[in-house]
S.K.: 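I have a structure I would like to understand better, so I am pasting it below and will then ask my questions one at a time.
Basis for what follows: all heavy atoms, side chains included, without hydrogens, waters or symmetry-related copies. Numbers restart at 1 for each chain; the letters A, B, ... are given by sequence-line order, proteins then strands.
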Amino acid sequence: MFAQVVVDVPVVDTDRPFDYRIPESLAPFVFVGSRVSVPFGPRKLQGFVVGLADTSEVEKTRDILDVLDVEPPLTEEMVWLARRISERYMCTYYTALQSMVPAVLRSSYDKQIFLTAAGEAFVSVLSDEQAFYEYIRNRQPVLWNKIMKEFPFAAAWLDEGLKKNRIRVEQIVGDRVTKKTITILSPAVSVEELEAAQGELSKTAVRQKEVLSHFIHFYGPIPQPELLSLLGVSNQAVKGLVDKGLLIKEEVEGYRDPFSGRTFTPAPKHPFTAQQKTVIDGIVEGMNPPVYYPCLLHGVTGSGKTEVYLEIMERTIDQGREAILLVPEISLTPQMVNRFKGRFGSQVAVMHSRLSQGERYDEWRKIRRGEVKVAIGARSAIFAPFQNLGLIILDEEHEGSYKQEETPRYHARTIAQYRGMHHHAVVILGSATPSMESYHEAKKGRIHFFEMRERVGNRPLPEVTVVDMREELRDGNRTMFSKPLMDSINNRLEKNEQIVMFLNRRGFSTFVMCRSCGYVAQCPHCDISLTYHRSNQTLRCHYCGYTEREPQICPECGSEHIRFFGTGTQKVEEELARYFPGIRVIRMDVDTTGRKGAHEKLLQDFREGKGDVLLGTQMIAKGLDFPNVTLVGVLAADSLLNLPDFRAAERTFQLVTQVGGRAGRHEKKGEVILQTYNTEHYSIQYASRHDYESFFVEEIKQRYEKNYPPYYRLVLFTFAHENVPLLVKISERFARKLRETIPPGAYLLGPVASPIARIKDRYRFQCMIKYKNDPRVLPAIHQVVRAFDEERKKTGIMLTVDVDPQMMM
DNA sequence: AGCACGCCGACT
DNA sequence: GTCGGCGTGCTC
């Protein structure tokens, strides 16, 4: 038997399966989807089996060395899906395969070091080199990476040792898996024999008798820690019985349960509203018999979409099928998870970025083994390896975070469509502010459309006031809080109601400027201003991580009038304290939510009324639901509007609508105040009137006129290199080649300098293809991109290809 | 991507 | 004379 293996060399040359012979001993463990280690040239690599065959065309096949998992980590569907992704998003097959398994299964390569006879005999005149050799002698084999850390001169000594043949090196392929094991105790003999043994124990062996008596009453296996705490005995007692051969100790794989010790109360099942019922009945149509049933669920904030999800999910599980719920990372809050855990309990696996790698792996294995029926997680949970998938939900489907911003640059919505078709599953795209793409699809009748226009309990949508900050300035108000916002804050403080205050970070972060000469602190490696971080008095670059100390005087002119501009959350917090003495602010941003569980804790504090204001960035824009919040302030509603991106208006509308939706979700009426310098912009106007439809009509007109999605599709190419003339030359040559290759109807813009013209000392140029949905375009581009690989090798120019880009930078 | 092979300059 | 620079080519 032969296996087609895609190996861990993710470049164009090797981006294809290689044939390997399967040795008889491994044959029972090799499947499509298995992870194996194989010899590749002089090296030993990890690879994935993508096919099996009785024969091979290849003359000299080599043998698979090892199978790395007992069960294959990927299903056949995943292997198929990886192929599709690699074609659609122009990445290598291996990259696509690898992105579907948890990080711990990504290969780690290391080398083992052994001493040769010459090495054994070697005596160094240097005492520390002598110590180095003794270290190897005592512990061999020693891992290469470990010894490099232990000895400062390891590299030189290893190099010399190899040359002089004192050491021998062997490469190993492993993974980062550390499976948690638990110790299980079970009786080794019959109950009668246990009873007999109990009588024979010495009188002083009281503890051992207690343990035996447990097993006599409950004849069966029990985890050791459980037994110890149950009986209040030490493991000494257990050990004695194991030694006597009465009990058996075995290590079994256990799962780390990130939710252990927490209980989930099932949410009371409210009777459905009429509109919820209509939607549920409609979606269920797609389940009997199962067909691919894509639909858009447009429901205003607070209309009860989650209830619909829960119900459809329950029916899916009743059919014996599985479900995936995708949510944006930032709304993957305990609140959200608890509702599903409450309903489906241990049938739910949650994939969370805050979980440790090991915990993620455990959750993933539960899915792979079919031990759970529901997977909840952010983008990558779309790859949950279920085998009988009946339902995929993308909540907040308009969210940009569903697009992965590294290779493979897939969109979870597209993958949902692929998997939905494969499994004849229901795919629900849910949002209060659907993406232009999805709403357009629905309007054209290409996907089913459901709507929920009313909030549960007929609560009115909050009243929105748009405040013109230019007028505020004219009236002499130079603070970041307008008069109406000030009044409303005071009003809530008096009534003891809570406030959510939203500040968009993007395009509005703190930068440092000298008021004497106008100097702005820039990153020396990227064309971007540095951001001030008050917590450790540093300036940081958000792109490359460059950090420097806060300047006391202007490095250009020596002036002391160097000030922090812009409005970061920290600054807002200070200002709040200044204008509203005694106000209790809970600030949520990267600085305050860094630690594990901090995010959760802050929200809990706010819920318990330990703060008057919840102040934050994007992360507070969605999913949160606090009964006592009656005011939402948006400090700079238009901060997104001026970004060089065709989705700026759409993003602004979505953000303002989502943030506004945080107010008045319960008995108390809500109010939203939007501060802006663009009062008349349609995205702000329609958002303030909760008028999605009108916004859509206006925006789709713009998209049509300017050949943007959903009418045209985009592919963005970014070139990066230190050398600008070379960059220009090569990118122009590439563009010319593309123009010659793409079919008529598709056209190319650029190349031009990228909006961020330099990152990590590399200058950036970009060009963009626009095309109507023509199946010939992507293969044509792929061909040019593959041919470019030689150029890349020669010149060192980096090229990234982003199909369906979400961000234009 | 690595790692080998292979063909030309600066040293013991 | 050799050591070592990194260009080119291959990996079932």
S.K.: Chain A on DNA chain C: first and last contacting nucleotide, 5' to 3', under 4.0 Å to a heavy atom?
M.R.: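 So the contact region on DNA chain C extends C:dT11 to C:dC12.
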S.K.: Is the closest basic N to carboxylate O distance between A:Arg368 and A:Glu363 below 4.0 Å?
M.R.: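 A:Glu363 and A:Arg368: not salt-bridged.
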S.K.: Could you check which residues of residues 784-794 of chain A get a heavy atom under 4.0 Å from DNA chain C? Sort them by number, please.
M.R.: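 Close to the strand, none.
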S.K.: Does A:Thr14 reach a base, just sugar-phosphate, or nothing at all? Heavy atoms under 4.0 Å.
M.R.: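 Here A:Thr14 touches the bases of the nucleic acid.
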S.K.: Students often mix this up, so state it plainly: with edges at 30° and 60°, are the rings of A:Phe646 and A:Tyr708 parallel, tilted or perpendicular?
M.R.: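 A:Phe646 and A:Tyr708: parallel rings.
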S.K.: Tell me whether the rings of A:Tyr410 and A:Tyr89 are parallel (<30°), tilted (30 to 60°) or perpendicular (>60°).
M.R.: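 If you compare the ring of A:Tyr410 with that of A:Tyr89, the planes turn out perpendicular.
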S.K.: How would you label the contact of A:Phe40 with the nucleic acid (heavy atoms, under 4.0 Å): base, sugar-phosphate, or nothing?
M.R.: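 Touches a base.
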S.K.: Check every strand shown and say whether A:Asp13 touches a base, only sugar-phosphate, or nothing at a heavy-atom separation below 4.0 Å.
M.R.: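 Base contact.
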S.K.: Answer yes when A:Asp362 and A:Arg365 have at least one side-chain N-carboxylate O distance shorter than 4.0 Å, and no when they do not.
M.R.: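 Salt bridge between A:Asp362 and A:Arg365, a charged N being under 4.0 Å from a carboxylate O: yes.
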S.K.: Give one of base, sugar-phosphate or nothing for A:Pro39, where a contact means two heavy atoms less than 4.0 Å apart.
M.R.: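 The answer is sugar-phosphate, as A:Pro39 gets under 4.0 Å only of primed atoms, P, OP1 or OP2.
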S.K.: In this structure, is the centre-to-centre distance between the rings of A:Tyr763 and A:Phe719 below 6.0 Å?
M.R.: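 Distance test on ring centres: not under 6.0 Å, no.
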S.K.: Is the A:Phe18-A:Phe40 ring centre distance short of 6.0 angstrom?
M.R.: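 Yes, they do, as the ring centres are separated by less than 6.0 Å.
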S.K.: Apply the test side chain to side chain contact (heavy atoms under 4.5 Å, CB included) to residues A:Leu799 and A:Phe717: give CA-CA distance (whole Å), side-chain angles for both, the deciding distance (0.1 Å), then the verdict.
M.R.: CA-CA 7 Å; A:Leu799 168 63; A:Phe717 304 85; 4.0 Å; yes
S.K.: Tell me every residue that passes salt bridge (charged side-chain N to carboxylate O under 4.0 Å, His left out) with A:Glu134, counting only those two or more places apart in sequence or in another chain.
M.R.: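 Here no residue qualifies.
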